[in-house]
Each structure stands twice: as C-alpha cells, then as structure tokens.
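Predicted, not measured: the structure shown is a model, and the values here were computed from it. Atoms considered below: every heavy atom in the structure, side chains included; atoms not considered: hydrogens, waters and symmetry mates. In what follows, residues are counted from 1 in the order of the sequence shown.
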Amino acid sequence: MRLLGALLALVAGCGAYRLLNAWLLRRARRRYPLLPKPQRGAPALLYFSTPECQPCKSVQKPAIQRLQELIGEDVQVMEVNAAEDARIAAQWGVLSVPTTFIIDAQGRPRFVNHGVASTEKLLRQILKISGVKNDAKHSHSKPLT
C-alpha cells in the first residue's frame with residue numbers, strides 16, 4: 001500500500017513539473033520582447049545566472065562553452081544576470097539559477113531547464129528544434145566527454 005502511495009506521489013510530482021514547465025514556456029512566449037531579439041533563422045540559448053551562483057560558474061558556464069565549441073555559430077547564446085535584471089528574470093518565471101531556455105529559429109521558447117543542464121541535454125534540445133535527426137552535421141566537432 002505504501003508503494004502504491006509513493007508511486008502515485010511520484011506520478012503527481014512529475015505531472016506537476018511538466019505543467020509548470022508548460023506554463024513557464026507559455027508565459028515566456030508572451031514576454032519575449034523584453035530581451036534582445038536573437039538572430040532569426042537560428043536557435044538561441046537564453047541563460048539566467050548571477051555572479052554569486054557557483055554551479056553557474058563551475059558547471060553551467062563550461063557546459064554552454066562546450067556547446068558553443070561543438071556547434072559554433074549555429075546557436076546564439078544570450079546571458080542575463082538575474083540579480084541585475086530581476087524584472088526580466090521574474091517575467092520569464094525564473095525562480096532559481098541557473099535556468100536555461102532553448103528558443104527556436106522562429107523566436108519561440110521551446111524548452112526550459114531548471115538547474116544545471118549538461119552539454120548533451122542542451123545539444124539534444126537544440127537538435128530537436130532544428131529538425132536535425134542526428135549530429136552528422138557536426139561530425140567535424142570534438143566528441144562529447
């Protein structure tokens with residue numbers, strides 16, 4: 001009986017997380033004009049951090065730099081200091097840092113990642129929205145480690 005209760009709580013938690021992400025993406029789509037426009041025709045990564053955020057410095061920033069090494073100018077990276085631009089962070093629904101949004105080539109937010117997102121996860125999300133089925137396009141790039 002306890003196992004069933006725990007399973008139901010887990011399912012409810014996962015459902016609530018998905019609903020929160022869907023709500024944040026809808027909200028972000030309406031509030032997008034508050035940021036500098038990304039270059040149309042290419043996906044963008046919007047990255048919220050603060051100067052005091054240690055995971056931002058030690059894990060997220062290197063993951064984003066690695067992503068840029070892998071795919072170069074195929075993605076535009078926009079960083080927002082959530083401490084300085086608290087209004088923008090609040091309007092995007094950012095509750096903690098690091099938070100990343102993946103924005104498609106048409107300028108619509110498609111994915112949100114709360115906490116650290118690995119290079120592999122960010123790359124998968126970007127490839128998914130760009131319509132590329134595999135990373136053959138980037139076969140000249142260094143392998144993920």
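If you chain together hydrophobic residues whose side chains sit under 4.5 Å apart, L67 and V59 never meet in one group. The hydrophobic cluster containing L123 also contains V77, counting ILVMFWY residues as joined when their side-chain heavy atoms lie under 4.5 angstrom apart, directly or transitively. Hydrophobic clustering (side-chain heavy atoms under 4.5 Å, transitive across Ile, Leu, Val, Met, Phe, Trp, Tyr) groups L127 together with I64. Hydrophobic clustering (ILVMFWY, side-chain heavy atoms < 4.5 Å, transitive): V94 and V116 are in distinct clusters.
Rounding to the nearest 0.5 angstrom, the gap separating the CD atom in Q76 from the CD atom in Q68 is 10.0 Å. Taking CD from Q60 and CG from N113, the interatomic distance works out to 7.5 Å, rounded to the nearest 0.5 Å. A distance of 12.0 Å separates CD in Q65 from CG in L70, rounded to the nearest 0.5 Å. Distance check: R66 CZ to S118 OG gives 12.0 Å after rounding to the nearest 0.5 Å.
Residue C56 comes nearest to P62 through the heavy atom pair O-CD, 4.3 Å, listed as atom of the first residue, atom of the second, then distance. The two residues P51 and K57 make their nearest non-hydrogen contact at O-CE, 2.6 Å. In this structure, A42 and D74 approach most closely via the heavy-atom pair CB-O, 4.0 Å. Looking at every heavy atom in both residues, A63 comes nearest to A117 through CB-O, 3.8 Å. In terms of heavy-atom proximity, T100 sits nearest to Y47 at CG2-CD1, 3.9 Å.
Listed for the D85 side chain is no donor-acceptor partner under 3.5 Å among the backbone atoms of I88.
Taking 4.5 Å as the limit, every side-chain heavy atom of R124 sits out of range of all side-chain heavy atoms of I102. The shortest side-chain heavy-atom distance between K121 and F111 does not fall under the 4.5 Å cut-off. Contact of the W92 side chain with the L46 side chain is registered, since non-hydrogen atoms from C-beta on lie closer than 4.5 Å.
For the pairing with P43, the side-chain contact (heavy atoms from CB on, under 4.5 Å) check across I103, D104, I126, I71 returns one residue only, I126.
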- Give the C-alpha distance, both sets of side-chain angles, the deciding distance and a yes or no for side-chain contact (heavy atoms from CB on, under 4.5 Å) between E79 and N81. CA-CA 7 Å; E79 184 172 351; N81 180 332; over 6 Å; no
